[in-house]
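Here's the structure, in structure tokens; my notes come after.
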Number of protein chains: 2
Amino acid sequence: MDVRGPIGRDSETCQLRDVLDRVGDKWSALVMALLGQGPRRYSELHRAIEGISQRMLTLTLRGLERDGLVIRTVTPTTPPRVDYALTPAGRTLSIELASLIRWAELHREYVTESRRRYDEREALLKTGA
Amino acid sequence: MDVRGPIGRDSETCQLRDVLDRVGDKWSALVMALLGQGPRRYSELHRAIEGISQRMLTLTLRGLERDGLVIRTVTPTTPPRVDYALTPAGRTLSIELASLIRWAELHREYVTESRRRYDEREALLKTGA
DNA sequence: CGGGATCCTGGTAGATACTG
DNA sequence: CAGTATCTACCAGGATCCCG
């Protein structure tokens, strides 16, 4: 990001951007959530997270590893074996994510219904006008 | 999103994607955080969130309103006055975001240091090789 | 003042092929 | 098995102009 000015200088909202930049992308939070259930091999992750490409899985894991949230362990057998696990810091973040999941569960219907009604009013405005 | 398969069918991780799709974009979480401090006029938001365009502010507010997280109040004076505030559901989400902010504050230095060391090792590998 | 409409760009992610 | 390399497409988001 690159937000300056009032809210950019506000340390609270700035940190919010930091953490969202970290886990707000398409796959990071999913990987974190999965690793929250325990260590996984590369291929296990690839199979578990359907739809992710090898490229994106690698990129995502590298990013999380770089930030110290995930640790990568190579066992140099043939064929090689690579395990990924959360670090202690990663585990605390995955707990925050679990909290977000609970929010989503509690408000799923409310949000769906809100959207339905909003779209309905929208449609009426177009038809009526 | 459009994730199917193992993790796509897992309701937990699926809901995680829902909520991240909602506040994981560039501005939504920032707007929610700001409105968490109290109602704001359109122009106040525009000035407070430096760097946001009118288009994106409008789009972001519409999205949050559609999801029932923000409420829009028009006072038909001349010139018109429009206020935005969090709904009760929006307030609960902003509390979750505050929790994420605390995580970021606690781990800011750790993440920065992790990155520095990761990049340093990277550089060594390239120079050494 | 508070937007809507339109056009355009850049970065993120997908597809595919190859490798130690 | 666990990646890397390359190429492409798509769309979130920015810039600009206009309007009630």
Check your understanding: Out of curiosity, A:I95 CD1 to A:M32 CE, how far, rounded to the nearest 0.5 Å?
Key ->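 Separation between the atoms: 10.0 Å.
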
**Study point:** From B:T75 atom OG1 to B:R41 atom CZ, the distance as rounded to the nearest 0.5 Å
**Key:**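 Answer rounded to 0.5 Å: 8.0 Å.
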
Check your understanding: Pick one: which of A:L30, A:L45, A:L57 meets side chain to side chain contact (heavy atoms under 4.5 Å, CB included) with A:I52?
Key ->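 Of the listed options, the one satisfying the test is A:L57.
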
Review point. Which nucleotide, C:dC1, C:dG14, D:dA2, lies nearest any side-chain atom of B:P79?
Key: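 Comparing C:dC1, C:dG14, D:dA2 against the side chain of B:P79, the answer is C:dC1.
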
For [N], take OP1 and OP2 only and decide whether either is under 4.0 Å from a side-chain N or O of [X].
X     : N     : value
A:R41 : D:dA2 : yes
A:R40 : D:dA2 : no
B:Y84 : C:dG3 : yes
B:S43 : C:dG2 : yes

Point to revise | Near-strand residues of residues 55-69 of chain A, defined as heavy-atom separation under 4.0 angstrom from DNA chain C | key: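 Per residue number, the list reads A:R55, A:M56.
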
Rounded distance in Å - [atom1] ([X]) to [atom2] ([N]):
X     : N      : atom1 : atom2 : value
A:K26 : C:dA13 : NZ    : P     : 7 Å
A:R72 : D:dA2  : CZ    : C1'   : 8 Å
B:D25 : D:dA12 : CG    : C1'   : 9 Å
B:Q54 : C:dG4  : CD    : C1'   : 10 Å
B:W27 : D:dG14 : CH2   : P     : 6 Å
B:D83 : C:dG3  : CG    : C1'   : 15 Å
B:L45 : C:dC1  : CG    : P     : 14 Å
A:I49 : D:dA2  : CD1   : P     : 14 Å

Check your understanding: Parallel, tilted or perpendicular for A:W103 and A:H107, by the 30°/60° rule?
Key ->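 The arrangement is parallel - the two ring planes meet at less than 30°.
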
Check your understanding: Taking the side chain as C-beta and beyond, is there a heavy-atom pair between B:I49 and B:V31 under 4.5 Å?
Key ->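 Yes. Closest side-chain heavy atoms under 4.5 Å.
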
Practice item. Find out whether B:E120 and B:R116 are in side-chain contact, i.e. whether some heavy atom of one side chain is under 4.5 Å from a heavy atom of the other. Key: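 Of all side-chain heavy-atom pairs linking B:R116 with B:E120, at least one is under 4.5 Å.
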
Review point. Between A:I52 and A:P80, which has a closest nucleotide on DNA chain C that is more 5'?
Key: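 Taking each residue's closest nucleotide, the earlier one in sequence belongs to A:I52.
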
**Study point:** Check against side-chain hydrogen bond (donor to acceptor under 3.5 Å, both in side chains), A:Y84 and A:R40
**Key:** CA-CA 5 Å; A:Y84 291 91; A:R40 293 284 186 278; over 6 Å; no

